[in-house]
**Q** 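Mind looking over this structure? Questions follow.
Within every chain, numbering begins at 1; the chains are lettered A, B, ... in the order of the sequence lines, protein sequences first and strands thereafter.
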2 protein chains.
Amino acid sequence: MGMITLKDVAKVAGVSYATVSRALSGSPEIGEDTRKRILKICEEMGYTPNSVARSMVMKRTNIIGLILASIDNPFMSELTNHIEIYARKCGYNLMVCNSSYDPNLEKEVFSLLLGRQVDGIIMIPVGNESYDSLKALTAQVPTVFISENMQDLPENYVAVDNRRGTESATEYLYSLGHRKIVYFGCRTHSVTHSLRLEGYLDACKKLGIAPSVIHNHYSRSSYPVGNLLAEEYFSGPHDHTAMLCASDALAIGVMQAAYNHGVSIPGDLSLIGFDNISFSALPPIDLTTINQPKQQMATEAVDMLLDRIKNPDSPHRRVIVPPTLVERKSCRPIRASEEEIHV
Amino acid sequence: MGMITLKDVAKVAGVSYATVSRALSGSPEIGEDTRKRILKICEEMGYTPNSVARSMVMKRTNIIGLILASIDNPFMSELTNHIEIYARKCGYNLMVCNSSYDPNLEKEVFSLLLGRQVDGIIMIPVGNESYDSLKALTAQVPTVFISENMQDLPENYVAVDNRRGTESATEYLYSLGHRKIVYFGCRTHSVTHSLRLEGYLDACKKLGIAPSVIHNHYSRSSYPVGNLLAEEYFSGPHDHTAMLCASDALAIGVMQAAYNHGVSIPGDLSLIGFDNISFSALPPIDLTTINQPKQQMATEAVDMLLDRIKNPDSPHRRVIVPPTLVERKSCRPIRASEEEIHV
DNA sequence: TTCGTTTACGAAAACGTTTGCGTTCGATAT
DNA sequence: ATATCGAACGCAAACGTTTTCGTAAACGAA
């Protein structure tokens, strides 16, 4: 597999390898006829430029590192898809690393990517307790987070307006006539999830209804966790007519438990999620939810990162995109008289 | 962001940078006391080795390229997840590229990864017509396919036994009493899909039942395609008691159409899929399906690739892993007398 | 002491590019 | 005729490592 180098084509073309380099890079310091000739020879020999050597001298790899909890997660894989396609269009490749929901691993792969000399890093952080220890790392390379940031870490980020999302979800349920709305959240060590809880609580206060929160002592917002805790919920006393879940994954877990306990959705309980992962649109699920504009967030994050790579000491930018409500079949309006029929 | 180099720590330590390199690489040609001292200085200065420079001289990047149709596809993202975690454990990072179901783009990103000097490539090919034109590319770097290969391209691959998968699915439906089984496949320009069709046809012949295939003129095996064609199917005359789908995605599309047309699953139609994507296990879906052992395939693919990187002219290996049937709720047994009640 | 051997380290080449600078050559202006 | 200048191209340094080779010091045996 002896690769063909610049020197090889230079020898064949009878020129110095600087000339070959210039022919390929589109430099003006070269004759039009020799350029044509050299390009033809490159083609014939099947020459492929060595990006590693190029990176070495240019001090730039054109690689973006992407750190996320698990690529095997509908929301994140959708986001990754958009990021990869758009980044490649901009001339960048993607190096993906799972943090596996582990703040320590998160830092480990961050250093690893630093050593790889990535030009920048896009990161969906695991929680907020890791922000502090990430400061030393993010100082070394342009970084943009996909997550809001309450601790004023001076970093760029793009995120959906989580607070507004749960707030409007609550308002929506209220407008349907629901007054007993329970919130199924996540332990709030993640910025995202504490904001979502906040939005719900604020809306309750504003609307004058009593908040009620399912205590979720697990750290993940996943389908099995949703299922497990919903089993507990349905087994005990409950009189809510609507449930707001911190994620679609949780909501889908709730669906299963509801099915097992013979409670119909939306017949007995209106259910609303957050994220709008693609599977929520599937007819057997058909979950009403708060959408995160994933493609917009992806391109915004890449743009923001590339800006920052070009101009490292530009002011930090924070983009909050608006969430939107997607109405499907998991919520229904109720009359006031219906309120008390549940056990 | 002036990075700290070997030279910098060498200067501080008062040694040559060759010595620093040896201290870090664990070479025996260095005194134990100086090693300790140098490592301490590296720690203090926050030195991070430059992988690019390392790759330059070692002629090896420790990067694996991964090419797949779309990372935003449950089967592929699950696979990617396992590949990334296992590869990293083996000291390799992953560079992911979408081919977006486009054979030309597939070749384009392959060349791109070649230029990146990846040590090897794992690829889920789009179709089989692209194999020919890929020969020149795969000759330049160790490659393993995740897909069976009928054209005897001399490459390594790991795949589930697709033929056996649909065969056993058909046998399963037969054992439940079904005699009118329709196959919902994909246009067979993909090796995977032609083998799946083959397995179905073989089983029909062996079992002595008449095969029946829904003509799928779309190239993708996706949820919307499944939905669209199932709409047609349910609108026209149909008397099958069971349907075998070439993928879970198709099957889920069928589910929606069935719902719209008032045909109950499995009441009126038994449905079975292929892949066992995670969402098929969700209670509202609960799809009986043929499982692909994704984690096993992932680690096998990585192992195979690393073997090949170490020993490029070792004989080609082809691993076929057995599919397994996962029984869930989308199939039911029928009596012979039931056979004719459908229109 | 003297010779040979081992140990620990330094000097420098090499990896494949990009690019600043110098040089040559032809054309134009003086 | 010479001086000026721009175009086209070659030379060589540089990027940050790894590794071969050389060598000085240390050490043991004769």
Side-chain angles (χ1 to χ4, degrees), chain A residues 1-39 41-42 45-63 91 112 114-119 140-141, chain B residues 1-39 41-42 45-63 91 112 114-119 140-141:
Chain A
M1 309 233 174
M3 272 298 161
I4 297 159
T5 73
L6 263 193
K7 262 179 194 161
D8 298 326
V9 305
K11 200 165 295 175
V12 171
V15 296
S16 77
Y17 47 94
T19 306
V20 180
S21 172
R22 280 190 268 254
L24 291 165
S25 68
S27 158
E29 293 189 30
I30 191 177
E32 201 49 45
D33 41 353
T34 46
R35 147 168 299 144
K36 290 260 175 76
R37 194 169 59 87
I38 289 176
L39 289 183
I41 294 178
C42 286
M45 298 181 68
Y47 167 71
T48 313
N50 184 327
S51 313
V52 174
R54 183 166 220 271
S55 297
M56 176 96 260
V57 46
M58 312 254 317
K59 293 169 171 292
R60 171 182 91 198
T61 54
N62 277 37
I63 297 178
L112 205 147
L114 270 178
R116 289 266 182 211
Q117 310 298 114
V118 297
D119 292 343
Q140 303 188 55
V141 67
Chain B
M1 309 230 178
M3 273 296 161
I4 298 158
T5 74
L6 264 191
K7 260 177 195 162
D8 298 326
V9 304
K11 200 165 294 176
V12 172
V15 296
S16 78
Y17 47 94
T19 305
V20 181
S21 173
R22 281 190 268 256
L24 291 165
S25 66
S27 160
E29 293 189 32
I30 192 177
E32 201 49 44
D33 42 352
T34 45
R35 147 166 298 143
K36 291 259 174 74
R37 192 169 60 86
I38 289 176
L39 288 183
I41 294 177
C42 286
M45 297 181 68
Y47 166 71
T48 312
N50 183 327
S51 311
V52 174
R54 184 169 220 272
S55 297
M56 176 96 259
V57 45
M58 312 250 321
K59 293 168 169 291
R60 172 183 91 198
T61 53
N62 278 34
I63 297 178
L112 205 148
L114 270 179
R116 289 267 182 211
Q117 310 300 112
V118 297
D119 292 342
Q140 302 187 56
V141 67

**Q** If you pin A/L6 and A/E29 to their nearest nucleotides in DNA chain C, which one's is more 5'?
**A**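 Between the two, 5'-proximity favours A/L6.
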**Q** Sub-3.5 Å donor-acceptor pair from the side chain of A/S51 to the main-chain atoms of B/G115, do we have one?
**A**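 Here the side-chain-to-backbone pair exists.
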**Q** Looking only at the side chain of B/I30 (C-beta and beyond, no hydrogens), which of the listed nucleotides C/dT18, D/dT17, C/dC9 gets closest?
**A**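 Of C/dT18, D/dT17, C/dC9, C/dC9 is nearest to the side chain of B/I30.
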**Q** Looking at the side chain of A/V57, which of D/dA14, C/dA11, D/dC11 is the nearest nucleotide?
**A**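 Of D/dA14, C/dA11, D/dC11, D/dA14 is nearest to the side chain of A/V57.
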**Q** Any idea which of C/dG16, D/dT17, C/dT19 is nearest the A/M56 side chain?
**A**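 The listed nucleotide nearest to A/M56's side chain is C/dG16.
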**Q** Would you please confirm or rule out a distance under 4.0 Å between OP1 or OP2 of C/dT19 and any side-chain N or O of A/Y17?
**A**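 For C/dT19, neither OP1 nor OP2 has a side-chain N or O of A/Y17 closer than 4.0 Å.
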**Q** Could you please name the option among D/dT18, D/dC15, D/dC9 that lies closest to any side-chain atom of B/S21?
**A**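 Shortest atom-to-atom distance from the side chain points to D/dT18.
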**Q** In whole Å, what is the span from the CG atom of A/L24 to the C1' atom of C/dT19?
**A**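 Rounded to the whole Å, the gap is 15 Å.
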**Q** Picking from D/dT17, C/dT19, C/dA11, which would you name as closest to the side chain of A/R22?
**A**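 It is C/dT19.
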**Q** From D/dC15, C/dG16, D/dG10, pick the nucleotide closest to the side chain of A/N50?
**A**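 My answer, after comparing the listed nucleotides, is C/dG16.
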**Q** Which one, D/dG10, D/dC15, C/dT18, comes nearest to the side chain of A/K59?
**A**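 The closest nucleotide is D/dC15.
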**Q** Remember a base hit wins even if backbone is also touched, and classify B/V52 as base, sugar-phosphate or nothing at under 4.0 Å, heavy atoms.
**A**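 Counting heavy atoms under 4.0 Å across all strands, no contact is made by B/V52.
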**Q** Once you round it to whole Å, what is the distance between P of D/dT18 and CG of B/N62?
**A**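 After rounding, the gap between these two atoms is 12 Å.
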**Q** Need one value for A/T34: base, sugar-phosphate or nothing, where a base atom within 4.0 Å counts as base even if backbone is also close, heavy atoms only.
**A**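 The residue A/T34 makes sugar-phosphate contact but no base contact.
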**Q** Can you find a heavy atom in the side chain of B/I63 that is under 4.5 Å from one in the side chain of B/R116?
**A**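 Side-chain contact under 4.5 Å: no.
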**Q** Assuming nearest nucleotide by heavy-atom distance, tell me which of B/G14 and B/A53 is located more 5' along DNA chain C.
**A**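 On the 5' side of the pair lies B/G14.
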**Q** If you compare every side-chain N and O of B/T5 against the phosphate oxygens of D/dG16 (OP1, OP2), does one of them come in below 4.0 Å?
**A**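 No, no such contact exists.
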